[in-house]
Amino acid sequence: MLAMGSSAWVEIILFSLAALCSCFATEVTYDANALIINGERRLIFSGSIHYPRSTVEMWPDIIQKARDGGLDAIESYVFWDRHEPVRREYDFSGNLDFIKFFKLVQEAGLYAILRIGPYVCAEWNYGGFPLWLHNMPGIELRTDNSVYKNEMQIFTTKIVDMVKEANLFASQGGPIILAQIENEYGNIMWGYGDAGKSYIKWCAQMAVAQNIGVPWIMCQQHDAPQPMINTCNGYYCDNFQPNNPKSPKMFTENWIGWFQKWGERVPHRSAEDSAFSVARFFQNGGVLNNYYMYHGGTNFGRIAGGPYITTSYDYDAPLDEYGNLNQPKWGHLKQLHAAIKLGEKILTNGTRSDKYLGNAVTLTTYTGDGGARFCFLSNTNSNADASVNLKQDGKYFLPAWSVTILDGCTKEVFNTAKVNSQTSVMVKKSDDPSVKLTWAWAPERKKDTLRGKGNVDANQLLEQKELTLDASDYLWYMTSVDINDTSIWSNATLCVDTMGHTLHTYVNRRYAGYKFSQWGSKFTYEKQVSLKQGTNIIALLSATVGLPNYGTGFDKIKTGIAGGPVQLIGKNNVTMDLSTNLWSYKIGLNGERKRLYDLQPQISVSWHANSSYPISKPMTWYKADFEAPYGTNPVVVDLQGLGKGHAWVNGHSIGRYWPSWITASNGCSDTCDYRGKYVTEKCNTNCGNPSQRWYHVPRSFLNKDKNTLVLFEETGGNPQNVSFQTVTTGTVCALVYEGALLELSCQGGQVISQIQFASFGNPKGKCGSFEQGSWEAIDSRSVIEAACIGRSSCEFLVTKEAFSVAGANNGPARLAVQATC
Ligand SMILES: *[C@@H]1O[C@H](CO)[C@@H](O)[C@H](O)[C@H]1NC(C)=O
Ligand SMILES: *[C@@H]1O[C@H](CO)[C@@H](O)[C@H](O)[C@H]1NC(C)=O
Ligand SMILES: *[C@@H]1O[C@H](CO)[C@@H](O)[C@H](O)[C@H]1NC(C)=O
Ligand SMILES: *[C@@H]1O[C@H](CO)[C@@H](O)[C@H](O)[C@H]1NC(C)=O
Ligand SMILES: *[C@@H]1O[C@H](CO)[C@@H](O)[C@H](O)[C@H]1NC(C)=O
Ligand SMILES: *[C@@H]1O[C@H](CO)[C@@H](O)[C@H](O)[C@H]1NC(C)=O
């Protein structure tokens, strides 16, 4: 070893780090057929993962599973409202540390796509705008307005500077290969007239001036000013063409599923149709496909957009809300990625020719250097299968609404409708189902508000978020009415016109009633109330459930009892309009101010313990201690029996809950036909059940010993059956074509304990109800048992040779397996 002073070592290390940075700088350019990364012509598979919708502790596992699923890149928005909740006061702590997130992406060997927006839509509260923007004098959001543009530029510059500081752009050796400004503005630009057009030009100039060294994109912007690359969002983008023929064709949001609203059934998009959309896109010259979402995650706190986006943002993504593999979707897409990558060189540098073969069947041939070929064979007919004879290139069975990928144009390596990947049936388990939680409770204190005492007064009915700045879902509107003639008013109707979303009413300190908007829009509340001689106090509690995030002027959509009217209608229709009364206001709940959800509230709170707790009582806080479920599987809390409210574990918000809202009993089916264009209502599940019953409790929120759950129950419920459960793989199934690979795996360290069904032959049915067909190999079960029992995963090439098959030729075979983890 050389003798050298320590400072000399430091210098050498610093010097080599600096050298590394410049020699690893990645050049990102493009043409119509490829992203060109350091001179290499690439096709990119990417997936959206929004960092605040999971926890820092979950990030490495989710990113690794994305990589294992065959992704090249991870995409995320940046969430302005969370990063700058108060003007010029920034927060990048905990799961808002997007720099750390992108560093983990880089460490996993993946590229990244940074969608700054800063308008993000994303089913995110107020589309990601901080509420203080709304109240700035003279501001108009998302248009050619100097107050807004100034704020947008300051935030965008701040984010870009942080990314540069951390050397995260590819031009600096980092993972970020593309960046986005604005978001789907083209969809709504018409509503802003000429100001919209000049605004989008300004966005482009402002972005270019940031000098980030990688290309900028604008999604859904058909007139994107150059050099912005316009990109496509939707369920299918095969027919999309960028406005500049030299731009690569990119699918920034391939909606792999859909979001859910309170009261709605759970949407699904099949693995077959998802793969079909991707394959069609690459068949037609696609260069980059980004799944929206790859991991949807959870709307913790009050980040859910609106109105009425649920706390779960599962999205039916390839990774479920908790980070488990959503099978068969994850595995089927993984195989698709591998199949398309076989043709990467030819697809990115070849010439394409389409040949229409009739009956909606098209053969697309890419021919590259030296005549190398790669083909896509598609059948876009939504009900007729096709048998295609390509002469010397072979014969192919092509199911309806599917694409076959032909390596060398002669070998079928993938068909979008032939799913060989396993199906995992996830189950929720309690360590001990007999354990009942012990509840303490406290009423929401309303002494002040029921007496009409607030802290802001006005002679009008104010718009809710203008006053609350969305610091809380809740706003009290209170007024008093003097009654002289009880013959008219003793039996009156209270009429409230509100812009939503829910309303509770109290008259003379008595609870009068509750109503919520079915669709999250305005509604009229009417209730018979009894007024007395003298002064009567009317107290109205309005609550929002996620602020709108999409549409022209979404930011101006009113909430609360804005303008009313609020009226009393007495005998003979005598009407008293209270809209211009003196109204007193109070923002938020007293329990929120006292922080009842914190483990150590700053103000002492008296919980009632050791007595029976109230049930079906609106405005009640409940609290219970619990033990963390054993193991490492994801944890959920089952809130069936509760009404509507907000839940916290150890002081961390796990989001709003609303299990009392039961979904429609019709419109679901066990069998989802993947064929034909996907529409949002197509493959729903969860009919006639709470729209969301289970709520994710990230493991990192839990302590080993004591944990505390706090619920604020707004409409009245019963916590009797609340329990903590873990989500694990129950049954796994696979139906594998001959020649393909059987891959079965459990998750979370479990092993395959039993083969419930195995049949190599022509089995019928589906997972949960497989049946033997007209023939099968007699050793089907024992062969699979030998390969899989006791293992956390097993792989097995499905061929006739692997089984004892009697008779010479029984036709093409499939292997059906059902196992328990
Ligand atoms: C792309 O195609 C051109 C023309 O056939 C050929 O000269 C070039 O080597 C190819 N480049 C790559 C990276 O394959
Ligand atoms: C009730 O009577 C008082 C005194 O007679 C009068 O000042 C007041 O305006 C009346 N109020 C209403 C609502 O008629
Ligand atoms: C109050 O009025 C409503 C209709 O206006 C009527 O149905 C109800 O019976 C009345 N109640 C009383 C106590 O008079
Ligand atoms: C009160 O108004 C309602 C609706 O406008 C009307 O149907 C009803 O006949 C009216 N009643 C009286 C007593 O005027
Ligand atoms: C609750 O009540 C039971 C029965 O009265 C008593 O045995 C127990 O000690 C009480 N627990 C607490 C925490 O006060
Ligand atoms: C709790 O579960 C029991 C047993 O299933 C059921 O009878 C009861 O109605 C449930 N309670 C609530 C509040 O859902």
Side-chain angles (χ1 to χ4, degrees), residues 26-44 246 248 285 287 340-353 365-374 408 428-430 432-439 441 485 487-495 497 524-529 565 567-577 612-618 620 622 624 636-645 647 657-663 688-695 709 711 713-725:
T26 307
E27 189 196 35
V28 183
T29 60
Y30 57 84
D31 60 25
N33 302 316
L35 277 182
I36 305 167
I37 302 178
N38 274 347
E40 231 187 298
R41 306 181 62 77
R42 299 292 311 273
L43 299 178
I44 298 292
K246 289 179 181 154
V287 166
I340 291 176
K341 280 293 170 77
L342 292 173
E344 187 173 32
K345 284 225 154 52
I346 303 169
L347 293 170
T348 54
N349 196 35
T351 52
R352 172 180 143 202
S353 71
T365 306
Y366 285 84
T367 310
D369 255 4
R373 294 184 305 155
F374 196 80
K428 300 188 176 73
K429 282 188 188 159
S430 295
D432 179 357
S434 69
V435 169
K436 291 276 177 203
L437 298 176
T438 303
W439 293 96
W441 67 281
D485 188 349
S487 70
I488 299 176
W489 300 107
S490 70
N491 182 19
T493 306
L494 171 65
C495 274
D497 276 16
T524 302
Y525 169 91
E526 284 187 333
K527 176 82 182 183
Q528 297 306 133
V529 296
Q567 295 175 314
L568 286 168
I569 299 167
K571 201 165 147 191
N572 300 325
N573 283 353
V574 179
T575 301
M576 198 191 310
D577 193 325
S612 62
Y613 52 79
I615 59 173
S616 306
K617 191 175 183 322
T620 306
Y622 295 99
V636 290
V637 60
D638 179 355
L639 294 183
Q640 179 140 337
L642 272 303
K644 169 187 186 289
Y657 66 81
W658 200 340
S660 61
W661 197 346
I662 306 299
T663 64
N689 290 321
S691 35
Q692 188 182 344
R693 175 173 164 185
W694 288 277
Y695 297 82
L709 170 69
L711 305 173
E713 176 51 59
E714 176 191 322
T715 62
N718 183 350
Q720 161 189 29
N721 292 341
V722 168
S723 74
F724 287 83
Q725 297 160 13

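Positions are given from 1, in the same order as the sequence printed here. The shown structure was predicted, so the numbers you read here are calculated from the model rather than taken from an experiment. In listed order, ligands and their atoms are each counted from 1.
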Run the numbers on Asp369 and Lys345 for salt bridge (Lys or Arg N to Asp or Glu O under 4.0 Å), then give the verdict. CA-CA 9 Å; Asp369 255 4; Lys345 284 225 154 52; over 6 Å; no

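Annotation: atom 1 (C) of ligand 1 to nearest protein heavy atom, Asn349 ND2, 1.4 Å. For atom 8 (C) of ligand 6, the nearest protein heavy atom (residue, atom name, distance) is Asn721 ND2, 3.8 Å. Counting protein heavy atoms only, atom 14 (O) of ligand 4 is closest to Asn573 ND2, 3.4 Å. Protein heavy atom nearest atom 5 (O) of ligand 1, with residue, atom name and distance: Asp369 OD1, 2.9 Å.
Using a 4.5 Å heavy-atom threshold, the side chains of Pro614 and Trp441 count as touching.
In this structure, atom 12 (C) of ligand 4 is in close contact with the protein, since a protein heavy atom lies within 4.0 Å of it.
Tyr657 pairs in a side chain to side chain donor-acceptor pair (under 3.5 Å) with only one of the listed residues (Glu713, Lys644, Gln692), which is Glu713.
Assignment of Gln720 to the shell around ligand 6 is supported, since a heavy atom sits closer than 4.0 Å.
Annotation: the span from Ile569 atom CD1 to Gln528 atom CD amounts to 9.5 Å, rounded to 0.5 Å. From Asn38, atom CG reaches atom OG1 of Thr29 across 9.5 Å, with rounding to the nearest 0.5 Å.
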